[in-house]
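Heads up: the structure comes next, in structure tokens.
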Number of protein chains: 2
Amino acid sequence: MNAATPTEPNDAGSATLTDIAYSRLSDDILSGRLLPDTKLAIEHLRRDYGIGASPLREALSRLAADGLVTVIGQRGFRVAPATVADLRDITRLRILLETEALRESLCSGDEDWEAAVVAAWYRLSKIEPERGQRFPEWEQRNHEFHEALVAACRSPRLLQLRAALYDQHRRYRSIAVHYRSADRDVSGEHEAIYRACLERRIDDACELSRVHIQHTADLVAEVLAANSALPQPARGRGRPRKVAG
Amino acid sequence: MNAATPTEPNDAGSATLTDIAYSRLSDDILSGRLLPDTKLAIEHLRRDYGIGASPLREALSRLAADGLVTVIGQRGFRVAPATVADLRDITRLRILLETEALRESLCSGDEDWEAAVVAAWYRLSKIEPERGQRFPEWEQRNHEFHEALVAACRSPRLLQLRAALYDQHRRYRSIAVHYRSADRDVSGEHEAIYRACLERRIDDACELSRVHIQHTADLVAEVLAANSALPQPARGRGRPRKVAG
DNA sequence: TAAAACATTTTTATCGATATTTTTTTAGTT
DNA sequence: AACTAAAAAAATATCGATAAAAATGTTTTA
């Protein structure tokens with residue numbers, strides 16, 4: 001999400017509890033373990049994560065700025081809501097930034113970049129199913145593949161924004177998967193993009209990428225629309241709600 | 001910077017100390033009162049602002065996610081560095097987003113939008129000099145004018161990102177002004193944009209806007225380059241450094 | 001039965017205190 | 001004078017405690 005989000009000690013400062021909390025919360029939200037509108041009560045998080053209030057609040061503040069969490073003064077934090085309109089909005093922006101970054105990456109990618117793309121593609125293609133117990137792994141490699149494609153783009157800020165949008169988009173995908181998974185030929189789309197990139201067919205690559213993103217979004221929107229019709233419970237966190245009768 | 005950044009009580013929660021700290025810090029950074037790389041020591045800020053450590057750290061965390069501040073684990077916060085390369089990067093992105101938002105705004109702006117634009121333009125044109133003691137006021141109206149132009153864009157996320165980039169850009173302008181001001185015909189450029197917008201000459205408006213932004217950035221880059229050649233002192237905050245001899 | 005008023009419980013935002021880490025200063029060596 | 005090493009000072013990250021606010025539950029009133 002952010003430029004630097006260390007969880008382990010490294011040259012640029014050691015991992016603080018805030019960093020750890022940020023990573024865990026971020027991951028829980030992006031993977032759909034924490035669904036939209038879920039209340040993020042400091043009290044509970046403290047127990048669940050074993051981290052004090054201050055680092056938690058700092059992490060949540062960062063996430064709020066990232067747009068993954070909402071804050072309301074005196075009323076605490078919640079996972080950001082998810083709506084079809086917002087998904088469309090995000091999708092449109094993601095396409096704009098992704099294609100821009102891809103275009104530049106294809107212009108300036110050298111041999112090392114190519115090698116990295118080939119490697120990322122290879123790893124991704126080794127896990128066939130989009131689902132199953134190896135899903136997190138697939139998700140990870142999918143992420144790395146898409147990142148590898150744009151890695152040669154020379155604009156750090158563009159890459160940063162693109163990454164943020166990727167995350168937002170991923171959250172929506174995760175939410176949809178949480179309800180039901182749609183199957184389609186993702187691998188095929190990936191392969192087409194892969195080929196276009198290596199052959200430097202810039203416009204093709206951008207267009208294929210656009211369609212890939214849009215297609216995903218449409219499927220997610222469908223699932224989302226079907227479920228948002230239902231009355232949304234004011235979700236708590238883990239705490240089992242009392243059921244009448 | 002953010003969707004909602006209240007400083008005064010409103011429907012969506014009352015203003016917390018965190019909000020106040022955020023506003024003040026944000027303003028100090030964007031207006032150039034806090035220069036790049038300035039150390040933001042909690043201890044000192046506490047005295048200066050009369051706000052405790054926790055709200056300060058939360059505000060700084062948000063600013064860090066916004067990219068206006070850097071954090072290094074165990075080594076605290078600093079105002080984000082400013083480099084010519086980063087300015088160029090930001091400029092490029094800002095142009096991308098600004099023109100995109102403007103294009104859409106021009107497509108869907110109705111009569112109310114027009115009226116708001118006319119009003120914003122009028123207010124801006126009433127303060128002639130770009131400098132002087134009324135500079136903050138001019139800056140404010142400039143902001144409002146540019147915001148009015150894109151206000152009819154229907155993508156909240158795009159407007160949000162655009163606003164973030166505007167702020168980043170403003171910071172660079174402020175830094176440059178801090179050293180020396182460049183004079184040119186800003187009003188003329190503004191007027192040209194204004195006319196193109198009202199007459200819905202979309203491509204013209206975008207191009208004029210692009211040039212406007214790029215032109216500003218080039219001037220700022222010049223000032224910045226001239227000054228970054230000098231050895232950068234490890235700036236402290238207010239605390240007078242001991243001068244040898 | 002519904003609404004209003006009040007009392008309780010829970011949670012938030014914030015402060016002050018503190019162990020740990022970093023930075024600065026001082027002293028000691030080659 | 002230029003490095004190191006040790007000591008002192010300052011700053012950071014974090015915890016626990018608490019006033020204020022919000023949410024929840026209960027009783028009273030119409």
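All chains are named by letter (A, B, ...) in the order of the sequence lines, taking the proteins before the strands, and each is independently numbered beginning at 1.
- Rounded to an integer number of Å, the gap from CZ of A:Arg78 to P of C:dT11 is 12 Å.
- In this structure, B:Glu58 atom CD and C:dA13 atom P are separated by 7 Å, rounded to whole Å.
- For D:dA13, the OP1/OP2 oxygens have a side-chain nitrogen or oxygen of B:Arg57 closer than 4.0 Å.
- Ranking D:dA13, D:dT14, C:dT23 by closeness to the B:Arg75 side chain, first place goes to C:dT23.
- In this structure the side chain of A:Ile213 reaches within 4.5 angstrom of the side chain of A:Thr91, judged on heavy atoms.
- Separating the CG atom of B:Asp48 from the P atom of D:dA11 is a distance of 12 Å, rounded to the nearest angstrom.
- Residue A:Lys39 places none of its side-chain N or O atoms closer than 4.0 Å to OP1 or OP2 of C:dT10.
- Toward the 5′ end of DNA chain D lies the nearest nucleotide of B:Gly76, the other residue of the pair A:Arg46 and B:Gly76 mapping further downstream.
- The CG atom of A:Leu60 sits 10 Å away from the P atom of C:dA13 (whole-angstrom rounding).
- Rounded to an integer number of Å, the gap from CD of A:Gln74 to P of D:dA19 is 16 Å.
- Comparing D:dT12, C:dT14, D:dC15 by their nearest atom to the side chain of B:Thr16 picks out C:dT14.
- Rounded to an integer number of Å, the gap from B:Glu43 CD to D:dT14 P is 16 Å.
- Counting only heavy atoms from C-beta on, A:Phe77 has its side chain closest to C:dA13 among C:dT11, D:dT12, C:dA13.
- Note: CG (A:Asp19) to C1' (D:dT14) measures 13 Å, nearest angstrom.
- More than 12 heavy-atom neighbours from other residues, nucleotides or ligands sit within 6.0 angstrom of CD on A:Glu137.
- The side chain of A:Leu17 lies closest to D:dT14 when the candidates are D:dT14, C:dT14, D:dT12.
- One finds a side-chain N or O of A:His44 lying less than 4.0 angstrom from the OP1 or OP2 phosphate oxygen of C:dT11.
- Within a 6.0 Å sphere centred on CZ of B:Arg170, other residues, nucleotides and ligands contribute more than 12 heavy atoms.
- Distances shorter than 4.0 Å separate some side-chain N or O of A:Thr18 from OP1 or OP2 on D:dT14.
- Side chains of B:Gln168 and B:Leu87 form no contact here, defined as non-hydrogen atoms less than 4.5 Å apart.
- By the 4.5 Å heavy-atom criterion applied to side chains, B:Leu60 and B:Val71 are not counted as neighbours.
- Look at CD1 on A:Ile51: it is 13 Å from P on D:dG16, rounded to the nearest Å.
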